[in-house]
Peer 1: 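Below: one structure in structure tokens.
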Amino acid sequence: MKQRVQAQLRDRFQRDVVLEKPKDRSFGHYATPIAFSLAKELRKSPMIIADELASSFGESDIFSAVEAVKGYINFRLSESFLDEYASWALGNEDEFGSSDANDKILLEFVSANPTGPLHIGHARGAVYGDTLLRLGRRLGYDIRAEYYVNDAGNQIDLLGLSLQLEGQSSVLNMTVEWPEKYYRGEYLTILAEEAVQKFGTAILTDESRQTELALWAKDGVMELIVEDLAAVNIHFDTFVRESTLYDDWERVLEKIGEGVYEEEGKLWIRSSDHADEKDRVVVREDKRPTYLAGDIVYHNRKYEQGFDHYINIWGADHHGYIARVKAAVEFSGHDSKKLEVLLSQMVSLLKEGQPYKMSKRAGNVILMSDISEEIGSDALRFIFASKKSDTPLEFDVEVLKKQDSSNPIFYVNYAHARIQTILAKSDLDLDEVMAARLLGLNEDADALLFEALLLPEVIDDAFHSRQVQKLPDYLKSLSARLHKFYYDHRIIGNEDEAKMLKLFLVVALSLRTGLSMMGITAKDSM
RNA sequence: GCGCCCGUGGCUCAACUGGAUAGAGUAUCGGACUUCGGAUCCGACGGUUAUAGGUUCGAAUCCUAUCGGGCGCACCA
């Protein structure tokens, strides 16, 4: 809708035009402050320019009024334009909110270490990434969802050690001396039992078999992670294992060439040449590559597949890592501007006002699966998508279990279900409803229709600004308008019954489509 | 100490990325059922946008300083 209006104005003014939604709806559907920016070049007051531009509009198919007010130019869309657009949307559900974008994007997210099930902090990045994925795909982008599995390095050794100790303690009933750092949790007990069945008890006590045990266990943990994600409707296209990358290390090292140097027996990358604070070690004195080395190969591999754009979603505690990875990308001969790193901030959880402190390595973690089971996948996804990903989020699980308007997912679903109920109750059949033209609507209906038709621009805006919370915000607002309209107007038996039902169909379409962008299936009854 | 992010009604968050009178929810108080789902709706209360300067037609948004908070500053991932 907005694109069509903008295209029209671009022809008229011979320049790109910023379109806003006026604060006060009585001003019209759209407005532009273009006169303010023209004021400087034309050396005239914005008011006069706006007046002149507004009065230059003659008859138009899409505008019923164009007015200048205090320097703004306000546009009111014609009923026939809105009606035609609404009818098109209802007849082309899959294209409603799509665009002709077709860039190839590689989106990497979650990428949690395979050392334990996902916790609530991972859930946020997961929901953020998957929502972005769905929005982008709706717009037409060709996006691959990828998970980077860190199945090498110290944390895998620690997994083996932790599993042995856990097994010695809970399966073999031995007295165990716990080290300072180790993983803990129910999943280890289960894995230890499975390990005994598969390998015999010696696997738990023989230190020389720790690596063997760990390599087996990480696959089991990955299965848990995949299950945790599937429970909230998240699925990946590809999994890339860190352990498979190092074969390529020598070749990538050659590409980097002068970008690395040897000092103190170690290999360093000149990342300080590219905005990093200092150079970083990539190969230690004992020849073991650092974590960064894996990431260098991984990103080179990404780029060699020729995507137009690369998006990584990382926990906010990794923000210091961005500069060195971008530096590595440059040294490997690629354009680091194509790599976009988005951060997902901490989550703190309340339950009846009681805060939980979370920490992955310590015992007191909140499992993602516990929360998704407690409040349901839909509520979890809605709340996690509701706030800018780069600011901390705090919420109370009790609120999300409520069945009333304080629970946003309930509120939106209720709006959708209400529409289904009234459609079923009406004596009109679908053909009669669809045949109605949305002309001569009252002001409430016009406002509701317009809001329902905004979905495409919300999808576009939410994706391109990477701010997925705009979508749930919109759905709450559309639902509120629907509830109010429903309260104020009686539908069944109304002389405009067919029009109102068609209007409701458009609202339902936007609610349903919007929810599906969040991995949520709209409810037809509560 | 250095770097990044952030300070908006009691609480949780918006504000179209520089635009019109800073909006929602929640909490508190008050109201609306002879009604298609009251699982809803309406009203009231509540703000010097942390503070002080600056930039311009116009600032919550940009710049500077101060105060306060989070995260990071590994040859861990």
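Note that the structure is a prediction, hence the values are computed from the model and not measured. In the text below, chain A, chain B and the rest are named by the order of the sequence lines, each starting its count at 1.
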Peer 1: Across the strands shown, which category fits A:Arg418 at heavy-atom distances under 4.0 angstrom: base, sugar-phosphate, nothing?
Peer 2: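 Result for A:Arg418 = sugar-phosphate.
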
Peer 1: Measure across A:Glu242 and A:Tyr246 and return the closest heavy-atom pair with its distance rounded to 0.1 Å.
Peer 2: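 In this case the closest contact between A:Glu242 and A:Tyr246 is OE2-OH, 2.6 Å.
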
Peer 1: Counting distance only, does the side-chain N/O of A:Asp151 pair as donor-acceptor with the main-chain N or O of A:Arg241 below 3.5 Å?
Peer 2: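 Answer holds: no.
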
Peer 1: Under the 3.5 angstrom rule, does the side chain of A:Tyr182 hit a backbone N or O of A:Leu158 as a donor-acceptor pair?
Peer 2: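 It does not hold such a pair.
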
Peer 1: OP1 or OP2 of B:rC16 less than 4.0 angstrom from a side-chain nitrogen or oxygen of A:Lys2, does that happen here?
Peer 2: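 Negative; the distance criterion is not met.
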
Peer 1: Classify the side-chain pair A:His483/A:Arg418 by whether it contains a donor and acceptor separated by less than 3.5 Å.
Peer 2: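 Side-chain D/A pair, A:His483 to A:Arg418: present.
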
Peer 1: Can you check the distance between B:rG18 and B:rG58, where both ends of the measurement are the C1' atom (answer in whole Å)?
Peer 2: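 Their C1' atoms lie roughly 8 Å apart.
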
Peer 1: Does any donor atom in the side chain of A:Asp446 or A:His29 lie under 3.5 Å from an acceptor atom in the other side chain?
Peer 2: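 Distance-only check passes for A:Asp446 and A:His29.
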
Peer 1: Which atoms of nucleotides 28-33 of chain B (N or O only) lie under 3.5 Å from a protein N or O atom, and what are those distances?
Peer 2:
{"unit_1": "B:rA32", "atom_1": "N3", "unit_2": "A:Tyr487", "atom_2": "OH", "d": "3.1"}

Peer 1: Which part of the nucleic acid, if any, lies within contact of A:Lys21, taking any heavy atom under 4.0 Å across all strands shown: a base, the sugar-phosphate backbone alone, or nothing?
Peer 2: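 Counting heavy atoms under 4.0 Å across all strands, the contact made by A:Lys21 includes a base.
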
Peer 1: Distance check, C1' atoms only: B:rG68 and B:rU55, in whole angstrom units.
Peer 2: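 Between the two C1' atoms, the distance is 26 Å.
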
Peer 1: Under 3.5 Å, is there an N or O donor on one side and an acceptor on the other linking the side chain of A:Glu20 and the base of B:rU17?
Peer 2: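 Under the 3.5 Å cut-off, the side chain and the base do not form any donor-acceptor pair.
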
Peer 1: Look at all strands and tell whether A:Tyr321 reaches a base, only sugar-phosphate, or nothing, counting heavy atoms closer than 4.0 Å.
Peer 2: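 Touches a base.
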
Peer 1: Taking the six-membered ring of A:Phe463 as reference, does the cationic atom of A:Arg466 (NZ for Lys, CZ for Arg) lie under 6.0 Å from its centre and within 45° of its axis?
Peer 2: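 Yes, a cation-pi geometry holds between A:Arg466 and A:Phe463.
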
Peer 1: Would A:Phe384 and A:Tyr128 satisfy ring-ring contact (aromatic ring centres under 6.0 Å, His included), going step by step from the backbone distance to the final call?
Peer 2: CA-CA 7 Å; A:Phe384 275 31; A:Tyr128 179 50; over 10 Å; no

Peer 1: So what does A:Ser405 touch, heavy atoms closer than 4.0 Å: a base, only the sugar-phosphate, or nothing?
Peer 2: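 Result for A:Ser405 = sugar-phosphate.
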
Peer 1: Taking the side chain of A:Lys484 as its heavy atoms from C-beta onward, which of B:rC42, B:rC13, B:rC36 lies nearest to it?
Peer 2: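 Selected nucleotide: B:rC42.
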
Peer 1: Could you check if a side-chain atom of A:Leu471 sits within less than 4.5 angstrom of a side-chain atom of A:Val458, using non-hydrogen atoms only?
Peer 2: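 Yes; the side chains approach each other to less than 4.5 Å.
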
Peer 1: Reckon A:Gln467 touches a base, only the sugar-phosphate, or nothing at all at heavy-atom distances under 4.0 Å?
Peer 2: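 Result for A:Gln467 = base.
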
Peer 1: Could you check whether A:Lys402 pairs with A:Asp404 (Lys NZ or Arg NE/NH1/NH2 to Asp/Glu carboxylate O, under 4.0 Å)?
Peer 2: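 The answer is no: the pair does not qualify as a salt bridge.
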
Peer 1: Would you say the side chain of A:Asn74 and the base of B:rA20 hold a donor-acceptor pair, judged only by whether the two atoms sit under 3.5 Å apart?
Peer 2: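 For A:Asn74, whose side chain was compared with the base of B:rA20, there is a donor-acceptor pair (under 3.5 Å).
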
Peer 1: Please work out which of the three classes, parallel, tilted or perpendicular, describes the rings of A:Tyr147 and A:Phe236, given edges at 30° and 60°.
Peer 2: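 Answer is perpendicular, since the angle exceeds 60°.
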
Peer 1: What's the gap between B:rC45 and B:rG23 when it is taken at their P atoms, as a whole Å value?
Peer 2: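 Going atom to atom, P in each nucleotide, I get 14 Å.
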
Peer 1: Could you measure between the two P atoms, the one in B:rU51 and the one in B:rG7, and give it in whole Å?
Peer 2: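 Result for the P pair: 13 Å, nearest Å.
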
Peer 1: Where the side chain of A:Tyr414 is concerned, which of B:rA77, B:rC42, B:rA39 is the nearest nucleotide?
Peer 2: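 From the listed options, B:rA39 comes nearest.
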
Peer 1: Report the glycosidic orientation of B:rU17: syn if within 90° of 0, anti in every other case.
Peer 2: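 Here B:rU17 takes the syn form, which means its glycosidic angle is within 90° of 0.
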
Peer 1: Of all the choices, B:rU17, B:rA77, B:rA39, which nucleotide is nearest to the side chain of A:Asp404 once you look at every atom?
Peer 2: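 Minimum distance to the A:Asp404 side chain belongs to B:rA39.
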
Peer 1: Collect all protein-nucleotide pairs involving nucleotides 1-9 of chain B in which both atoms are nitrogen or oxygen and the distance is under 3.5 Å.
Peer 2:
{"unit_1": "B:rG3", "atom_1": "N2", "unit_2": "A:His319", "atom_2": "NE2", "d": "2.6"}

Peer 1: Is the closest side-chain donor-acceptor distance between A:Glu330 and A:Ser336 under 3.5 Å?
Peer 2: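 Side chains of A:Glu330 and A:Ser336: pair found under 3.5 Å.
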
Peer 1: On a whole-Å scale, what distance lies between the P atoms belonging to B:rC42 and B:rG25?
Peer 2: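 Per the computed distance, 8 Å lies between those P atoms.
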
Peer 1: Pairing of RNA chain B as dot-bracket, 5' to 3': ( ) intra-strand, [ ] crossing, | other strand, . unpaired, with Watson-Crick or G-U pairs under 3.5 Å?
Peer 2: (((((((..((((.....[...)))).(((((.......))))).....(((((..]....))))))))))))....

Peer 1: How is A:Ala31 classified with respect to the nucleic acid when contacts are heavy atoms under 4.0 Å: base, sugar-phosphate, or nothing?
Peer 2: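 Base: the residue A:Ala31, judged by heavy atoms under 4.0 Å, touches a nucleobase.
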
Peer 1: Knowing that exactly one of A:Asp248, A:Val240, A:Val252 qualifies, which makes a side chain to side chain contact (heavy atoms under 4.5 Å, CB included) with A:Arg301?
Peer 2: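 When side chain to side chain contact (heavy atoms under 4.5 Å, CB included) is applied between A:Arg301 and each of A:Asp248, A:Val240, A:Val252, only A:Val240 qualifies.
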
Peer 1: Ignoring hydrogens and angles, state whether a donor on the side chain of A:Asn312 or A:Tyr148 is under 3.5 Å from an acceptor on the partner side chain.
Peer 2: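 No.
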
Peer 1: Mind checking the C1' distance from B:rA15 to B:rA59? Whole angstroms is fine.
Peer 2: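 My reading of the C1' atoms in B:rA15 and B:rA59 gives 13 Å.
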
Peer 1: Across the strands shown, which category fits A:Ser406 at heavy-atom distances under 4.0 angstrom: base, sugar-phosphate, nothing?
Peer 2: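 Touches sugar-phosphate only.
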
Peer 1: Could you give the distance separating B:rC6 and B:rG46 at their P atoms, to the nearest angstrom?
Peer 2: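 B:rG46 and B:rC6 have their P atoms separated by 31 Å.
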
Peer 1: Please report the distance separating the P of B:rU17 from the corresponding atom of B:rC67, rounded so that it comes out in whole Å.
Peer 2: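 B:rU17 and B:rC67 have their P atoms separated by 33 Å.
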
Peer 1: For A:Ser479 and for A:Arg324, find the nucleotide of RNA chain B with the closest heavy atom, then tell me which residue's nucleotide is more 5'.
Peer 2: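 The 5'-side residue here is A:Ser479.
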
